[in-house]
Q: 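Once you've had a glance at the structure underneath, I'll fire off some questions.
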2 protein chains.
Amino acid sequence: MARPRNPLLSRERIVAAALELVDTEGLTALSTRRLAAVLGVSGPSLYNHFATKEQLMDAVVDEVVGEVDLSMWESVDTDGWAGPVTAWARSYRAALVAHPNLVPVLAQGPGRRANSLRLADAVFGGLVDAGWARGDATRIGALMRYFVYGSALGSFAGGFVDDQEIYAAEYPHLGQAHLLAEHRRSVDEGAFETGLTALVEGLSRQYPHPRRPTPGPSAAPSAAPPTGPRPRP
Amino acid sequence: MARPRNPLLSRERIVAAALELVDTEGLTALSTRRLAAVLGVSGPSLYNHFATKEQLMDAVVDEVVGEVDLSMWESVDTDGWAGPVTAWARSYRAALVAHPNLVPVLAQGPGRRANSLRLADAVFGGLVDAGWARGDATRIGALMRYFVYGSALGSFAGGFVDDQEIYAAEYPHLGQAHLLAEHRRSVDEGAFETGLTALVEGLSRQYPHPRRPTPGPSAAPSAAPPTGPRPRP
DNA sequence: ACCTGAACACCGTTCAAGT
DNA sequence: ACCTGAACACCGTTCAAGT
């Protein structure tokens, strides 16, 4: 065929097809050759649009991160930080859970991905606007990320095999663990909500009165030792 | 060579070499062929000891999980749950952080792995012994796991590229984010400790008085709807 | 500029053959 | 029982060739 007069591919089409392939058949099913076949082209064609498979994955990942709602961070001044951080964590988790096979790839940090950086910027800026010291805002953003990623990465309940024999014999307290697989969604969501509530409540207790933000140019994440109260060692 | 009179390989040697290869060169460097080369044999030899690469990875993963200290769960009756859950979470994270390239593989649930099930059994049994209802114990075990895995899986601070240009121009609050890479360890550990303290404190406030355990056979994880107080929706 | 097939250096896994 | 080399069906990526 050689070069058609209308391009067969675009970055958008490739990313959409890759996401669908990962969602339906898993991360290992996403090879450049299979992806190209789905798109009706030959394998090397993809390299006209992405330099490497890794850059392609970056684009797929950033697409998913772009689905996270960040609008709640705009109203931090009037609403405080607890409501926004809770709503943001739920939206973040929902975006990841919609594409569970991608979570290990997502977990590699914001790097240079536009939507990932937009997210980090909104969260950090929102926490600082709410009155948190920069070191605290950095830590809170990080620890919320830990919790959200952990909750999306591999279901807890789904990780138990649905086979009673394995558990009952050897592990005295796991006699009904095989039932967890059935209730996977409710257990995972219940654990997430319980932990989210505990985190926000615990942070409120540790740091009861975040300072009002200082006027002037926006603060940036502190890389220096934290200035707020430290957790107990 | 064919069959030597003393076997060249053993499951233990293979697992140890695989773990070292993953630690030093990353997950993608662990191919059956490279692993075999390190061990001084040809690729297919491994299949005399493991049926598939996946089962080999299971053994590697379980070795790492076996490093987690569980002894604190024995003294729950006298010490309460908060100290043990904190000590356990720290030991768990330390075991994962020692092998960061393996965390995405570790995150796939206990499955049928002996040490992973032993861990789940000890944690669930300890929480129930401390007086938690079974549904609560299940959720607490799950949410702690979320937090520990998230904190080990991809550093928050290390995820930012060490390149000021990228951040300053586009993202108003990330002007110093590039410095995070330098302080990776202290930021990650500070965030972990802050979150851990908040979680334990938040759980204590939500459920101030866990019931004493009922006598009789050990309880099992409840797959039924949780019986304790629910988090706010 | 954008696609192709051929080619390179890899994979995981199977299997007959050797001792 | 435990190792070998050959082989199969895959990979990601490069590249000259086509329009």
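Note that the structure is a prediction, hence the values are computed from the model and not measured. By convention in this document, chain letters (A, B, ...) are assigned in the order of the sequence lines, proteins followed by strands, and residues within each chain are numbered from 1.
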Q: Determine: side-chain N/O of Ser42(B) to OP1/OP2 of dC3(D), distance under 4.0 Å, yes or no.
A: no
Q: Distance check needed: dC10(C) P versus Lys53(A) NZ, whole Å only.
A: 18 Å
Q: 5'-most contact on DNA chain C: Arg34(B) or Ala51(B), nearest heavy atom basis?
A: Arg34(B)
Q: Tell me yes or no: between the side chains of His178(A) and Asp163(A), is some donor less than 3.5 Å from an acceptor?
A: no
Q: Roughly, in whole Å, what's the span from CZ in Arg33(A) to C1' in dC8(C)?
A: 11 Å
Q: Output side-chain donor-acceptor pairs under 3.5 Å for residues 5-22 of chain A, partner residues at least two apart or in another chain, one line each.
A:
from, atom 1, to, atom 2, distance (Å)
Ser10(A), OG, Arg13(A), N, 3.1
Arg11(A), NH1, His49(A), O, 3.1
Arg13(A), NH1, Leu8(A), O, 2.5

Q: Round to the nearest Å and state the distance from Leu8(B) atom CG to dT19(C) atom C1'.
A: 13 Å
Q: Please check this pair: side chain of Asn115(A) against backbone of Asp62(A), looking for a donor-acceptor N/O pair closer than 3.5 Å.
A: yes
Q: Between dG12(C) atom C1' and Tyr47(B) atom OH, what is the distance in whole Å?
A: 4 Å
Q: Can any side-chain N or O of Ser151(B) pair as donor or acceptor with the backbone N or O of Phe192(B) at less than 3.5 Å?
A: no
Q: For Leu46(B) and dT4(D), give me the distance from atom CG to atom P, rounded to whole Å.
A: 10 Å
Q: To the nearest Å, give me how far apart CZ (Arg11(A)) and C1' (dC2(C)) are.
A: 15 Å
Q: Answer yes or no: does a side-chain N or O of Ser45(A) lie under 4.0 Å from OP1 or OP2 of dT4(C)?
A: yes
Q: Taking the side chain of Asn48(A) as its heavy atoms from C-beta onward, which of dC3(C), dT13(D), dC3(D) lies nearest to it?
A: dC3(C)
Q: Using 4.0 Å as the upper bound for N to carboxylate O, is an ion pair formed by Arg90(A) and Glu193(A)?
A: yes
Q: Given Asp136(B) and Arg139(B), is the salt bridge (charged side-chain N to carboxylate O under 4.0 Å, His left out) satisfied, shown in steps?
A: CA-CA 5 Å; Asp136(B) 293 338; Arg139(B) 282 200 300 278; 2.8 Å; yes
Q: Under 3.5 Å, is there a donor-acceptor pair linking the side chains of Tyr146(B) and Asp188(A)?
A: yes
Q: With sugar-phosphate meaning primed atoms plus P, OP1 and OP2, does Leu30(B) contact a base, only sugar-phosphate, or nothing at under 4.0 Å between heavy atoms?
A: sugar-phosphate
Q: Is any side-chain nitrogen or oxygen of Ser31(B) closer than 4.0 Å to OP1 or OP2 of dC11(C)?
A: yes
Q: Would you kindly give the CG-to-C1' distance between Leu9(B) and dT4(D), to the nearest whole Å?
A: 12 Å
Q: Rounded to the nearest Å, what distance is computed from the CZ atom of residue Phe50(B) to the C1' atom of nucleotide dT14(C)?
A: 19 Å
Q: Indicate whether OP1 or OP2 belonging to dA1(C) is found under 4.0 Å from a side-chain N or O atom of His49(A).
A: no
Q: Sort by first number and list every stem of DNA chain D: at least 3 consecutive Watson-Crick or G-U wobble pairs, both distances under 3.5 Å.
A: C:4-8 with D:12-16, C:12-16 with D:4-8
